[in-house]
Amino acid sequence: MERRETMTQFHTGRGSSALRAAFPVTIPVLTGYLCLGAAYGVLMETSGYGLGWTLAMSVLCFAGSMQFVAVTLLTAAFDPLQAFVLALMVNARHIFYGLAVLDKYKGLGKVRAFLIFGLTDETFSLVSTLEPPEGIERRDFYFWISLLDYSYWLAGSAIGSLLGSLITFDTTGLDFALTALFVVLFLEQWKKRENRAAGVIGVACAVVSLAVFGPDNMVIAAMVLILVTLLGGRKRLCN
C-alpha cells in the first residue's frame, strides 16, 4: 500500500514538473489559439452552427486551417469528392510532419496515439525544435505540449462561439488570424540562428511553388520541394 502511494506521488510529481516545463513554451500558441479559435467559433456561430457543433468539430477534427475551410463546406452544396480532395490538399503537410517526428515519438507508449492526433502546425513547431529539460521525460514533456495546445484551441472555439451568439458584426477577414499566427511562429523560430537556414529554404520554396503552380496548387508542391531540399542539404544544415 505504501509503495503504491509512493509511486502515485512520484508520477504526480513528475507530471507536474513536465507541465511546468511545457507551459512556458506554449504561451505563444496560447495567445494565437485563443484568438484564432475565437475567430473560428464566431464564424461557426454566424453560419448557423451553435456551441455544440463548434466544440464537436474542434474535439474530433482539431485541424485549424481545415476547420475554417469546413465552414464553407458546411454552408455550400455538399460534394464528397471535392471535400476529400480539398482536405487532402490542405492537410498534406502533415505527412511530412509525421515523418519528421518519427524518432521523437518512438517508444512513447500509449500517449503516442494522442501525440499523433494532436500534431498541428504549431505543436510541430515546438516539438520539432525543443528537447525536454534535464530530469523531464520526453513522453511527459511532449504530451503536455500537445494537451495544452489542444485545450487552448477548444477554449478559443468555445469563447468565439459564445461571443458570436452575443455580438453581431461583419466577420470578413477573421480567417486571416490563421496567417497571422503562422507569421508569429516563424518569427519565434527565426530568433534562433540555427533555424534561419531552414526558414530561408522554406520561404524560397514557397515563393517558387507560388510562381510555378499558382496559389491554388502550391501547398503540396512547396512541401515536396522543401522536403527534397532539406534532405539534400541535411548534412550541411546539421553541422
Side-chain angles (χ1 to χ4, degrees), residues 18 21-37 40 58 60-69 87-108 111-133 136 138-154 156 177-192 194-203 205-206 209 218-231 234 237-238:
F23 175 70
V25 302
T26 64
I27 290 177
V29 181
L30 167 62
T31 56
Y33 272 13
L34 287 181
C35 296
L36 183 60
Y40 168 70
S58 292
L60 300 175
C61 184
F62 190 43
S65 54
M66 189 59 211
Q67 286 183 238
F68 277 94
V69 175
L88 181 63
M89 291 181 63
V90 170
N91 293 306
R93 65 193 185 280
H94 289 276
I95 297 174
F96 306 106
Y97 292 170
L99 292 173
V101 296
L102 280 176
D103 290 336
K104 285 199 175 247
Y105 284 180
K106 186 177 181 179
L108 297 187
V111 302
R112 189 166 180 262
F114 175 74
L115 296 179
I116 294 171
F117 167 75
L119 193 61
T120 61
D121 301 287
E122 296 75 23
T123 302
F124 172 78
S125 178
L126 295 177
V127 301
S128 64
T129 57
L130 295 175
E131 293 294 334
I136 304 296
R138 281 192 309 128
R139 177 190 60 191
D140 300 332
F141 185 61
Y142 295 141
F143 169 76
W144 279 112
I145 287 177
S146 300
L147 183 60
L148 286 170
D149 289 351
Y150 184 49
S151 64
Y152 300 154
W153 180 258
L154 296 183
L178 183 65
T179 303
L181 178 58
F182 288 154
V183 171
V184 171
L185 289 171
F186 177 81
L187 294 175
E188 186 69 22
Q189 295 300 315
W190 186 263
K191 292 180 181 178
K192 296 183 178 180
E194 62 270 23
N195 292 337
R196 293 178 183 176
V200 171
I201 290 172
V203 172
C205 291
S209 299
M218 65 167 288
V219 175
I220 296 178
M223 295 302 298
V224 172
L225 186 57
I226 290 170
L227 178 65
V228 171
T229 305
L230 291 178
L231 288 176
R234 67 184 182 279
L237 289 170
C238 293

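These figures come from a predicted structure and were not determined experimentally.
- When every heavy atom of W190 is checked against every heavy atom of R196, the shortest pair comes out as O-NE, 2.9 Å.
- Counting heavy atoms from C-beta on, the side chains of V25 and I145 come closer than 4.5 Å.
- Remark: the backbone N or O of D121 is not paired with any side-chain donor or acceptor of S125 at under 3.5 angstrom.
- Looking at heavy atoms from C-beta onward, S146 lies out of side-chain contact with F117 at the 4.5 angstrom threshold.
- Residues L36 and F68 have side chains in contact (heavy-atom distance under 4.5 Å, counting atoms from C-beta outward).
- Side chains of Y152 and D149 form a contact here, defined as non-hydrogen atoms less than 4.5 Å apart.
- Residues T120 and Y33 are in side-chain contact: their nearest non-hydrogen atoms beyond the backbone lie under 4.5 Å apart.
- Of the listed residues (I27, T26, L126), just one forms a side-chain contact (heavy atoms from CB on, under 4.5 Å) with L148, and that residue is T26.
- Nearest heavy-atom pair, T31 versus P28, reported as atom, atom and distance to 0.1 Å: OG1-O, 2.8 Å.
- Side chain of R138 to main chain of K106: a donor-acceptor pair is present (N/O by atom type, distance under 3.5 Å, no hydrogens or angles).
- For the pair E131 and Y142, the tightest heavy-atom approach, listed with the atom from each and the gap, is OE1-OH, 3.7 Å.
- Under the 4.5 Å side-chain criterion, counting only non-hydrogen atoms from C-beta, E122 is not in contact with W153.
- Atom-to-atom distance recorded for M66:CE and C61:SG is 7.0 Å, nearest 0.5 angstrom.
- In this structure, the separation between CG on D140 and CD1 on I136 is 7.5 Å, given to the nearest 0.5 Å.
- Atoms CG and CD1, on L99 and I95 in that order, are 8.0 Å from each other to the nearest 0.5 Å.
- When all heavy atoms of L108 and R139 are compared, the pair lying nearest together is O-CD, 3.4 Å.
- In this structure, the side-chain contact (heavy atoms from CB on, under 4.5 Å) partners of L119, at least two apart in sequence or on a different chain, are Y97, V101, Y105, F124, V127.
- Every residue two or more places apart in sequence or in another chain that forms a side-chain contact (heavy atoms from CB on, under 4.5 Å) with A221 is listed here: S209, F213.
- Nearest heavy atom pair, residue W144 against residue A22, reads CB-CB, 3.7 Å.
- For the pair S58 and Y150, the tightest heavy-atom approach, listed with the atom from each and the gap, is O-CE1, 3.9 Å.
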